[in-house]
Amino acid sequence: MKGLLPAFTVDGLLPAGDYELTLSELRVSMLVAGPTPAVPGWDADWRGTLVENLGVLVEQLARVGITDVFVNGSFVEDKAHPNDIDGYFCCDFGDLVTGALQRRLNILDAHKVWTWDPNSRRPYRGYPKQQLPMWHQYRVELYPHYGQFCNIRDQHGHELEFPAAFRLSRRNDVPRGIVRVRSRP
């Protein structure tokens, strides 16, 4: 099942494009099992744990009607042990701004991790950036997208929306692929 995705580029990135996978397909893909040729120190167990954690959050999103979930970050690169999974999901602005989405999601999550309030960020040993509760519990950060900019700029200084920003490597602004997680087969 490693063949669900193309091999990493010479830059160590998932080639540019959108790749739609179920969680089951993601679990057996090269992003978890490891690429060919092998990357020294590839941590398939850790990557599998990240996908299991992602699955919890994707299921919660699906239960409130959100099915457009995209993941990337160092998880879609040839980094042997990524720190986490980054991503975003598409949602309705009204549900987000009123807090209705957050409330519905937190009813489903025993840890009540669904918040993007900067004041909820806490330090984690050895990390310079403070992290959201979602990251502390699941090592996954999923951000809501409703058409807004994300404070990430391209090489020309133009602010990007999540879909564009998440398709660029933070290493060198090279386009990279992204995985759209299908919540239902």
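Quick caveat: nothing in here was measured; it's all calculated off a predicted structure.
- For the pair R47 (side chain) and P82 (backbone), a donor-acceptor distance under 3.5 Å is absent.
- Under the rule for a side-chain hydrogen bond (donor to acceptor under 3.5 Å, both in side chains), Q130 has no partner lying at least two apart in sequence or in another chain.
- Taking the side chain as every heavy atom from C-beta outward, I66 and L101 approach each other to under 4.5 Å.
- A donor-acceptor pair under 3.5 Å is formed between the side chain of R139 and the backbone N or O of N83.
- Aromatic ring orientation, F70 versus Y88: parallel (interplanar angle below 30°, classes split at 30° and 60°).
- Here the OG1 atom belonging to T115 is positioned 7.5 Å from the CG atom belonging to N106, to the nearest 0.5 angstrom.
- The hydrophobic cluster containing L105 also contains V71, counting ILVMFWY residues as joined when their side-chain heavy atoms lie under 4.5 angstrom apart, directly or transitively.
- Annotation: salt bridge (charged side-chain N to carboxylate O under 4.0 Å, His left out) contacts involving residues 110-122, sequence neighbours excluded, comprise R121-E141.
- By the 4.5 Å heavy-atom criterion applied to side chains, L142 and L54 are counted as neighbours.
- In terms of the side-chain hydrogen bond (donor to acceptor under 3.5 Å, both in side chains) criterion, residue partners of D18 (sequence neighbours excluded) are, by chain and number, R167.
- Between the CG atom of D78 and the CG atom of L31 there is a distance of 11.0 Å, given to the nearest 0.5 Å.
- Atom CZ of residue R63 and atom CG of residue L61 lie 11.5 Å apart, to the nearest 0.5 angstrom.
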From CA spacing to verdict: side-chain contact (heavy atoms from CB on, under 4.5 Å), L132, W116: CA-CA 7 Å; L132 291 170; W116 302 276; 3.9 Å; yes
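- Checked by atom type and distance alone, the side chain of Q102 never pairs as donor or acceptor with a backbone atom of G99 at under 3.5 Å.
- Nearest heavy-atom pair across P133 and S120 is CD-OG, 3.4 Å.
- Interatomic distance, CG of L21 versus CZ of R180, reported as 11.0 Å (0.5 Å rounding).
- Taking each heavy atom of G55 and L23 in turn, the nearest pair found is CA-CD1, 3.5 Å.
- Placement of F75 and Y124 in two distinct hydrophobic clusters is found when ILVMFWY residues are connected by side-chain heavy-atom separations under 4.5 Å, directly or transitively.
- Nearest heavy atom pair, residue K79 against residue S74, reads CD-CB, 3.7 Å.
- Taking D95 as the reference, nothing meets the side-chain hydrogen bond (donor to acceptor under 3.5 Å, both in side chains) condition, with sequence neighbours excluded.
- Between L14 and V179, some side-chain heavy-atom pair lies under the 4.5 Å cut-off.
- Annotation for K129 and Q131: closest pair O-NE2, 3.4 Å, computed over non-hydrogen atoms.
- Follow the hydrophobic side-chain contacts under 4.5 Å out from V113 and you never reach W135; the two are in separate clusters.
- For the atom pair L57 CG and I85 CD1, the distance stands at 9.5 Å (nearest 0.5 Å).
- With sequence neighbours excluded, the residues forming a side-chain hydrogen bond (donor to acceptor under 3.5 Å, both in side chains) with Q137 are H111, listed by chain and number.
- Atom OG1 of T49 is separated from atom CG of D43 by 8.0 Å, given to the nearest 0.5 angstrom.
- Residue pairs meeting the ring-ring contact (aromatic ring centres under 6.0 Å, His included) criterion with at least one member in residues 16-65, sequence neighbours excluded, are W46-H81.
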Trace of the side-chain contact (heavy atoms from CB on, under 4.5 Å) decision for V140 with V56: CA-CA 10 Å; V140 174; V56 171; over 6 Å; no
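- The two atoms that bring A80 and G41 nearest to each other are CB-O, 3.4 Å, heavy atoms only.
- Considering only heavy atoms from C-beta on, F89 comes within 4.5 Å of P144 through its side chain.
- For the 3.5 Å distance criterion, the side chains of D109 and Y138 qualify, holding a donor opposite an acceptor.
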